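Notes to accompany the following structure.
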There are 2 protein chains.
Amino acid sequence: MAKMSDVAKLAGVSTATVSRVLRNPDAVTPRTKQKVVEAIEELKYQPNMLARHFRRTETNTILVSVPNIINTVFAEIVGGIEDEASKNGYRVLLRNTNNQVDSEYSSIEHLKQRQADGIIMLSPKMDERLLEEISEQYPMVMATANLHSSKVPTVSINNVSSSKKATDYLIQLGHKRIGHITGRLDSIISKHRYRGYCQAMEEHNLPVDQNMVREGDFTYESGYKQMKSLLSQKTVPSAIFAASDDMAMGVINAAKHHGLKVPGDLAVVGFDNVKFSSIFDPPLTTIAQPLFDMGKRSMELLIKKLNNVPLSQTEYILDDELVVRASCGAEIEEGLIKK
Amino acid sequence: MAKMSDVAKLAGVSTATVSRVLRNPDAVTPRTKQKVVEAIEELKYQPNMLARHFRRTETNTILVSVPNIINTVFAEIVGGIEDEASKNGYRVLLRNTNNQVDSEYSSIEHLKQRQADGIIMLSPKMDERLLEEISEQYPMVMATANLHSSKVPTVSINNVSSSKKATDYLIQLGHKRIGHITGRLDSIISKHRYRGYCQAMEEHNLPVDQNMVREGDFTYESGYKQMKSLLSQKTVPSAIFAASDDMAMGVINAAKHHGLKVPGDLAVVGFDNVKFSSIFDPPLTTIAQPLFDMGKRSMELLIKKLNNVPLSQTEYILDDELVVRASCGAEIEEGLIKK
DNA sequence: TTGTAAGCGTTATCAC
DNA sequence: GTGATAACGCTTACAA
């Protein structure tokens with residue numbers, strides 16, 4: 001494999017000149033540049049990036065810590081990150097944590113060992129104070145995370161207001177016994193979505209009945225199971241707000257298997273607007289998180305940090321949207337919501 | 001940031017010894033080792049991996065070229081790759097190609113620039129001869145690809161026999177007008193699946209009617225569109241074999257929107273067994289590709305190549321399986337297939 | 001504008 | 001078993 005010194009020799013110049021041609025061609029006369037370029041082509045020279053990264057102490061690589069790449073929510077965010085990254089000459093190193101905090105720590109180690117220029121953490125589970133500490137020393141951005149503190153730059157939607165919006169919608173359709181399947185309640189996202197649900201209920205003087213609330217873990221299976229549990233009670237909800245589309249689909253299938261019609265006997269609102277939510281039968285009414293954009297935006301912010309551009313804020317709240325489909329039996333007609 | 005020489009100084013040894021403690025601790029007396037370890041902890045020394053990679057000319061990173069990470073098929077394979085990689089101390093660098101051949105070439109450049117120790121290509125579209133050439137010089141494995149040649153190690157299922165199996169199943173259920181939605185026919189995978197379909201038909205003396213065959217591109221949308229097209233004809237199929245689950249779901253929804261009952265009026269078999277296929281209504285009968293395992297296996301093979309372990313073969317065919325669910329209206333009962 | 005040469009932090013080859 | 005030192009390939013003061 002040809003190295004820079006080979007190119008230099010063939011072109012009759014020094015390695016410094018070859019390096020300049022590569023890095024900043026205008027600092028060199030057209031003539032020498034020409035010679036060097038020819039030599040590069042002749043030898044099919046490829047710079048040894050390991051040497052370059054070492055010397056420049058940068059990798060052009062950003063690390064993404066993902067709880068689970070198979071989850072379409074994260075896959076879409078990663079898609080957005082990758083898109084923006086490759087447009088800017090960065091590569092994306094993926095780290096699947098499988099929801100293990102240990103794995104998150106080891107991602108941080110990678111960062112400290114300078115194997116990546118920066119990190120984007122998706123829904124981190126690790127200690128918040130530690131996260132802040134690292135964020136002070138290394139370029140870091142978080143996506144789909146709501147920490148208590150706002151020291152770490154975070155891209156998300158407003159999980160409280162969006163959930164309130166979802167619940168409001170069900171109330172507006174006339175529902176009173178509205179159940180909620182939460183995500184794992186050790187996650188702040190889940191707490192916020194729960195809070196939005198509570199706020200909507202309380203504002204309309206509807207009691208938040210703990211018999212109507214179940215803790216899931218964002219998965220289809222947990223939605224299915226918790227709905228079964230709700231259906232085994234004497235009083236049964238007429239509507240469900242699920243904190244994820246996967247759970248909403250579990251809820252609907254559980255209801256169907258129980259002989260209920262959706263939306264006839266049960267209205268369901270999901271959360272995320274993953275691809276399948278529109279394909280599912282019935283298509284899900286859901287809160288659309290701009291997942292791809294969240295990924296893009298996180299990467300944009302990280303690039304700013306990498307270039308020492310000061311960020312004007314630390315919380316970037318993107319717009320969510322209630323996407324109305326058939327799972328609540330409502331149709332938009334002339335701008336009005338009809339049951 | 002502390003460097004090795006700092007550790008050496010504090011421990012009162014040379015850098016060579018520190019390096020030894022890190023790489024091969026048994027080549028050092030317990031006493032010196034102890035001193036060095038203490039110094040490392042005291043200084044919170046982290047090796048500079050950029051320097052190490054440069055020096056060792058290896059990165060412990062493998063590159064995965066993915067047509068589209070948002071596609072659950074690929075996401076599951078990547079999940080398997082990541083799993084096996086992290087068990088073996090490798091990191092996974094992701095490159096989303098968005099089905100652009102150019103992007104595949106640029107992944108290869110990364111490899112040549114020694115930014116990764118090896119590469120796994122998922123469904124590559126680039127020139128086959130070039131692929132072979134690169135495979136001779138660099139560690140490379142392919143997954144979900146069937147090339148004509150068998151020089152590049154490839155992990156896949158047998159797309160011909162699996163498709164034949166799927167079609168046979170429909171024939172066995174009594175269907176005669178069986179349609180097929182292919183993937184893009186410039187892909188060998190699609191051609192093989194088509195071939196399996198044809199073989200099954202011909203073996204049962206059923207004509208392969210070109211009016212019953214449509215070219216899709218593996219996406220839900222294409223399945224939907226091509227089914228609409230099939231339904232606009234005078235003679236309409238009674239069953240469809242779709243070359244992907246996404247297309248199968250498109251087919252089913254198109255049929256439903258057209259007023260047909262699935263499986264009552266139309267039986268559908270898909271391909272891939274993505275997570276959502278069992279959640280869909282009706283749950284899809286489909287060919288299960290062991291996606292996660294395919295990822296794992298590809299990584300295993302790549303690790304062998306990286307360690308210069310000779311591979312006994314170049315084609316690794318994993319077992320597929322026909323998963324029978326409700327989309328064909330059949331139920332397994334006492335081991336018998338009933339209509 | 002171009003060349004010289006030092007240096008990035010680690011590892012490997014020698015001696016001792 | 002340990003230490004001195006050269007080397008990996010590129011970048012960058014500094015000198016010319």
Side-chain angles (χ1 to χ4, degrees), chain A residues 1-40 42-61 89 109-117, chain B residues 1-40 42-61 89 109-117:
Chain A
M1 194 102 255
K3 56 180 89 166
M4 195 178 267
S5 57
D6 299 327
V7 175
K9 199 179 297 172
L10 182 60
V13 299
S14 73
T15 58
T17 300
V18 177
S19 179
R20 275 189 278 263
V21 169
L22 259 32
R23 190 129 158 100
N24 140 28
D26 297 335
V28 141
T29 47
R31 245 187 63 76
T32 32
K33 181 170 146 189
Q34 169 79 0
K35 283 190 297 180
V36 170
V37 169
E38 280 169 9
I40 286 177
E42 164 119 19
L43 296 172
K44 294 198 204 311
Y45 168 72
Q46 299 256 20
N48 179 333
M49 297 307 262
L50 296 184
R52 178 180 286 179
H53 289 158
F54 166 51
R55 182 55 234 242
R56 293 190 185 167
T57 59
E58 66 180 27
T59 60
N60 287 319
T61 300
E109 291 307 303
H110 278 309
L111 187 66
K112 290 188 175 171
Q113 291 162 353
R114 310 182 187 69
Q115 310 217 55
D117 298 345
Chain B
M1 194 100 257
K3 57 181 90 163
M4 196 178 267
S5 58
D6 299 328
V7 175
K9 200 180 296 171
L10 182 60
V13 299
S14 73
T15 57
T17 299
V18 177
S19 180
R20 273 188 280 261
V21 169
L22 260 32
R23 189 124 154 104
N24 133 28
D26 297 335
V28 142
T29 44
R31 245 186 65 75
T32 33
K33 181 170 145 190
Q34 169 78 357
K35 285 191 297 182
V36 171
V37 169
E38 280 169 7
I40 286 176
E42 165 119 22
L43 296 171
K44 293 198 206 309
Y45 166 73
Q46 299 256 21
N48 179 333
M49 297 308 259
L50 296 184
R52 176 178 288 180
H53 290 159
F54 167 51
R55 184 55 234 233
R56 292 191 186 166
T57 58
E58 67 179 27
T59 60
N60 287 321
T61 300
E109 291 307 302
H110 278 310
L111 186 67
K112 289 187 176 171
Q113 290 161 353
R114 310 180 187 68
Q115 309 216 56
D117 298 346

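All figures in this text were calculated on a predicted structure; none of them were measured in a lab. Below, all heavy atoms of this structure are taken into account, side chains as well, without hydrogens, waters or symmetry copies. Chain naming here is simple, since letters A, B, ... match the order of the sequence lines and numbering starts at 1 in each.
Going from atom CD of A/Gln115 over to atom NE2 of A/His110 covers 5.5 Å, rounded to the nearest 0.5 Å. Of the inter-residue distances, the one linking B/Leu22 atom CG with B/Arg20 atom CZ reads 12.0 Å to the nearest 0.5 angstrom. Atom-to-atom distance recorded for B/Asp117:CG and B/Thr57:OG1 is 8.5 Å, nearest 0.5 angstrom.
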Quiz item: Along nucleotides 8-16 of chain D, 5' to 3', which nucleotides get a B, which get an S, and which get a -, given that the test is a protein heavy-atom distance under 4.0 Å?
Solution: BBBBB----
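Looking at heavy atoms from C-beta onward, A/Val36 lies out of side-chain contact with A/Lys33 at the 4.5 angstrom threshold.
With axes fitted over five pairs at each extremity, the angle between the ends of the helix from C/dT1-D/dA16 to C/dC16-D/dG1 is 30° (10° resolution).
On the nucleic acid side, DNA chain C contacts chain A at distances under 4.0 Å to non-hydrogen atoms, with the end points of that region at C/dT1 to C/dG9.
Looking at heavy-atom distances under 4.0 Å, A/Val13 makes contact with sugar-phosphate atoms alone, never a base.
The stretch residues 25-33 of chain A touches DNA chain C through A/Val28, A/Thr29, A/Thr32, each having a heavy atom under 4.0 angstrom from the strand.
Applying the side-chain hydrogen bond (donor to acceptor under 3.5 Å, both in side chains) test to pairs two or more places apart or on separate chains, those with a residue in residues 42-55 of chain B are A/Glu109-B/Gln46.
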Exercise answer: donor-acceptor pairs, residues 2-13 of chain B side-chain atoms, under 3.5 Å, sequence neighbours excluded:
| residue | atom | partner | partner atom | Å |
| --- | --- | --- | --- | --- |
| B/Asp6 | OD2 | B/Lys3 | N | 2.9 |

